[in-house]
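Predicted model only: the values in this text are computed from it and were never measured.
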Amino acid sequence: MQDAPKTDDHQKEAAPATPCCSGSDRNHLHPCCFLFLICLGVYLFVVSIGWSNPILGLHGFRETQTALTAYHAMGKAPKLAYETPVLGPPWSIPFELPLYQWIVAAAAHVLGTPLDQTGRFINVLFFLLTFIPAYFILGKLHISRPYRWIILALLAVTPQYLHYTRTFMMESHALFLGMCYLAVAFEFLDRPKPISGIAGAILGCLAALVKITTFTAFLGAVLLVYGIRCARELYSSRAPMRLFYHAGVLGLLVAAPVLATYGWTACADGQKELNPFGGKYLASYNLRNFTFGTLQDRRDLSRWRFMAGHVHHGVNGYAPMICFAGFALASAAWLFRRWQKKEQLLTGEQLRRRWLALLACILLFLTGPLIFFNLYFVHEYYWCANSVFLIAAMGICVATMIEMGKGSRVAGAAILLLVITGSLYEYSQYYYCLQTRQFDRIPGLAGMKEQNDDVLAIAGLIEKSTRPEELLVCLGHDWHSDLAYYSRRRTIAPPNGIPESLEQLIGKMANIQGETLGALVIDRAGGEKFPPEKIVEIMEQNGFQTRFLAAKGTLDLYALKKVPTGAAAVK
């Protein structure tokens with residue numbers, strides 16, 4: 001048999017890519033979609049587990065704070081100085097733009113649904129909507145249509161997203177806005193129209209104001225994409241004009257969100273400074289070390305190992321390394337076949353693009369912990385912002401392997417099934433326990449269920465023993481919102497770390513005008529700074545009568561009543 005005529009390497013590189021839905025792609029369209037639908041069904045089933053459980057758990061502090069804002073926004077017009085009544089009057093201590101909370105409040109008010117479940121539903125809904133811009137972005141990365149479903153399937157069964165997208169937090173909403181911002185930026189780069197530029201600037205502002213830590217990774221993606229395009233234009237004949245154009249686009253898409261963030265932060269800090277019970281303590285300039293961490297923190301290898309644990313149970317352990325190793329081996333096999341002059345399903349240009357996309361995704365994944373080191377160390381839910389890039393990198397590896405040929409196709413499919421089953425296993429070992437409140441199965445969380453039950457019990461007693469207009473005082477409980485939210489009472493809960501003494505704090509409470517203190521909770525877990533006997537004594541010195549009502553775990557509940565003095569007492 002005669003050998004087929006040979007073609008040179010240049011002709012191979014110039015060969016057009018296989019159409020997205022023709023040839024071999026068409027054979028895999030339905031299986032890939034079917035796989036995604038199965039994973040989506042698994043996601044919907046998993047997020048329903050523990051749907052009616054209270055929003056108390058590993059990050060109940062953040063969930064109840066978000067829910068408290070939504071509760072006090074119900075039936076009211078949105079305002080920028082929104083209320084989160086946990087630090088006393090004035091009740092506004094703004095952090096992020098509460099767009100998610102306003103949406104939840106409006107939905108619960110109009111539909112008459114329970115607030116806890118409404119918040120969870122809206123979070124899930126935004127995560128599902130995230131698949132739309134994600135599909136579009138993968139197309140811009142030259143991933144053919146069938147194989148985009150593989151990457152979306154991996155995203156749907158990632159343990160971290162299986163859990164945190166059904167909490168009462170804004171993680172999915174922030175992720176959705178960031179993905180939309182990136183998708184519009186891609187579209188504006190290819191088809192520069194005023195409407196897409198304006199839309200990109202607006203989406204960037206919303207994403208940054210809703211959650212700046214999530215937006216940062218997507219801002220980095222826009223800077224990277226436009227930076228590469230500008231570098232290419234340097235070598236074109238129209239370099240000055242094109243560079244000027246891209247610089248203007250970059251200025252619009254980057255400057256608007258950055259300026260909006262600075263403006264919002266300044267206004268939010270000014271509002272916090274009005275609060276005498278620790279608001280200034282929570283201003284951004286006092287939280288810099290907590291937000292960004294220190295250089296010494298970044299040198300501590302134990303902290304990096306701890307954060308690697310977040311990635312381990314959040315993104316399925318060693319799955320990224322398996323995907324990257326498989327991709328590297330498949331690329332080596334591709335090069336060997338090319339050396340043998342055998343037919344390739346991918347061109348060299350396509351493979352180079354995949355490697356660039358892989359490296360870019362890894363870089364963007366690392367931006368979060370590198371910039372906001374301490375936040376990523378303390379709160380594992382912050383990884384929801386950047387884990388999507390690690391999932392994309394894994395999906396690019398698997399999809400490219402399946403596209404390369406028969407041998408690598410089998411290996412890619414095997415790795416894909418391994419990652420999916422491993423993700424579900426990892427979820428069952430950690431996040432399933434959180435959702436079903438089996439905290440004792442997780443090291444370090446023993447006794448959390450009892451603590452949460454104590455909070456619910458005390459909150460119920462507060463609601464029964466006080467009037468709705470009366471204030472709740474919490475000392476030693478930090479500025480947690482759990483008691484405030486579940487008792488439906490506005491609360492004064494100063495942060496444990498503020499420098500004011502007990503005498504100063506209680507003196508400020510005694511002088512609040514137009515408000516009535518109805519109950520006192522002392523958390524004995526707050527340490528030596530909050531001894532119950534001394535607190536009761538200082539309360540009585542400031543004209544309050546205290547009456548012990550109940551004790552649950554470390555929480556002691558007292559009824560408060562202001563004792564009339566002077567002419568009022570005689571009368």
Side-chain angles (χ1 to χ4, degrees), residues 53-65 67-68 84-88 168 277-278 281-282 378-379 433-434 436-466 470-506 509 517-540 542 544-560:
N53 286 343
I55 55 173
L56 297 172
L58 185 60
H59 296 289
F61 177 98
R62 187 55 171 142
E63 288 195 70
T64 53
Q65 184 187 81
L68 185 66
T84 307
V86 72
L87 276 187
F168 204 133
F277 297 100
Y281 177 80
L282 301 175
V378 175
H379 303 303
C433 301
L434 294 179
T436 56
R437 306 184 74 204
Q438 301 179 49
F439 301 117
D440 291 346
R441 291 179 53 187
I442 302 175
L445 298 185
M448 180 172 284
K449 182 178 183 299
E450 290 74 18
Q451 294 172 11
N452 293 341
D453 290 341
D454 293 338
V455 167
L456 293 173
I458 290 294
L461 290 173
I462 294 169
E463 192 173 15
K464 291 179 182 178
S465 60
T466 60
E470 292 180 330
L471 306 187
L472 168 66
V473 176
C474 291
L475 295 174
H477 198 56
D478 214 349
W479 56 295
H480 284 256
S481 301
D482 47 11
L483 287 171
Y485 175 64
Y486 278 108
S487 68
R488 302 297 196 256
R489 297 292 181 266
R490 292 178 300 161
T491 303
I492 306 175
N496 287 358
I498 61 174
E500 284 85 351
S501 64
L502 285 174
E503 289 82 359
Q504 292 173 316
L505 286 174
I506 296 175
M509 297 173 192
L517 307 185
L520 166 68
V521 172
I522 303 174
D523 190 346
R524 284 176 270 110
E528 297 179 356
K529 185 178 178 179
F530 302 96
E533 296 82 5
K534 184 177 181 180
I535 292 173
V536 170
E537 178 184 350
I538 298 173
M539 279 288 184
E540 292 176 349
N542 280 271
F544 289 97
Q545 185 182 57
T546 61
R547 179 168 56 89
F548 179 78
L549 294 179
K552 294 288 183 180
T554 63
L555 302 176
D556 294 341
L557 174 62
Y558 297 82
L560 287 181

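- Shortest non-hydrogen contact noted between Cys474 and Pro494 is O-CD, 3.4 Å.
- Closest approach of Pro495 to Gly278, counting heavy atoms only: CD-CA, 4.2 Å.
- Between Pro531 and Leu502 the shortest side-chain heavy-atom distance falls below 4.5 Å.
- Phe439 meets the side chain to side chain contact (heavy atoms under 4.5 Å, CB included) test with Leu434, Arg437, Leu445, Met448, Lys449, Asn452; sequence neighbours excluded.
- In this structure, the separation between CG on Leu461 and CG on Leu557 is 6.0 Å, given to the nearest 0.5 Å.
- Atom NE2 of His379 and atom CG of Leu58 lie 10.0 Å apart (nearest 0.5 Å).
- Partners of Arg524 by salt bridge (Lys or Arg N to Asp or Glu O under 4.0 Å), not counting sequence neighbours, listed by chain and number: Asp556.
- Distance CG/Leu505 to CG/Asn542: 11.0 Å, rounded to 0.5 Å.
- Each salt bridge (charged side-chain N to carboxylate O under 4.0 Å, His left out) pair with one or both residues in residues 53-64, not counting sequence neighbours, appears once here: Arg62-Glu96.
- Taken from CG in Leu560 to OG1 in Thr466, the straight-line distance is 10.5 Å, to the nearest 0.5 Å.
- Taking the six-membered ring for Trp, Trp479 and Phe277 have ring centres at least 6.0 Å apart.
- The main-chain N or O of His480 is never found under 3.5 Å from a side-chain atom of Asp478 such that the two would form a donor-acceptor pair.
- Here the shortest heavy-atom pairing between Gly88 and Ile492 reads CA-CG1, 3.6 Å.
- Applying the salt bridge (Lys or Arg N to Asp or Glu O under 4.0 Å) test to Lys534 and every residue at least two apart in sequence or in another chain returns Glu503.
- The side-chain hydrogen bond (donor to acceptor under 3.5 Å, both in side chains) search around Glu540 returns Thr546, not counting sequence neighbours.
- With a 4.5 Å cut-off on side-chain heavy atoms, Thr491 and Leu87 do not count as touching.
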Run the numbers on Val86 and Gln65 for side chain to side chain contact (heavy atoms under 4.5 Å, CB included), then give the verdict. CA-CA 8 Å; Val86 72; Gln65 184 187 81; 5.6 Å; no

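- Put simply, the side chain of Tyr486 reaches to within 4.5 Å of the side chain of Ile55, judged on heavy atoms.
- We find the CD1-CG distance between Ile458 and Leu549 to be 8.5 Å, quoted to the nearest 0.5 Å.
- Inter-residue side-chain proximity for Leu56 and Gln451 is flagged as unmet; no heavy-atom pair is nearer than 4.5 Å.
- Between Arg489 and Glu463, the shortest heavy-atom distance links the atoms NH2-O, 3.1 Å.
- The closest side-chain heavy-atom distance from His477 to Leu483 is below 4.5 Å.
- Closest heavy-atom contact between Pro85 and Ala484: O-CB, 4.3 Å.
- Considering only heavy atoms from C-beta on, Pro532 stays 4.5 Å or farther from Leu475 through its side chain.
- Here the closest heavy-atom approach between residue Asp440 and residue Ala446 is recorded as OD1-CA, 3.3 Å.
- Taking the side chain as every heavy atom from C-beta outward, Thr554 and Asp454 never approach each other to under 4.5 Å.
- Side-chain contact, Asp482 with Thr64: no donor N or O sits under 3.5 Å from an acceptor N or O.
- Scored by the ring-ring contact (aromatic ring centres under 6.0 Å, His included) test, Tyr558 finds Phe548 as partners (sequence neighbours excluded).
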Under the side chain to side chain contact (heavy atoms under 4.5 Å, CB included) rule, what do Val455 and Leu555 come out as? Steps first, then yes or no, please. CA-CA 8 Å; Val455 167; Leu555 302 176; 4.1 Å; yes

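- Crowding of Arg441 atom CZ: a count of heavy atoms from other residues, nucleotides or ligands under 6.0 Å exceeding 12.
- Between Glu470 and Leu517, every side-chain heavy-atom pair lies at or beyond the 4.5 Å cut-off.
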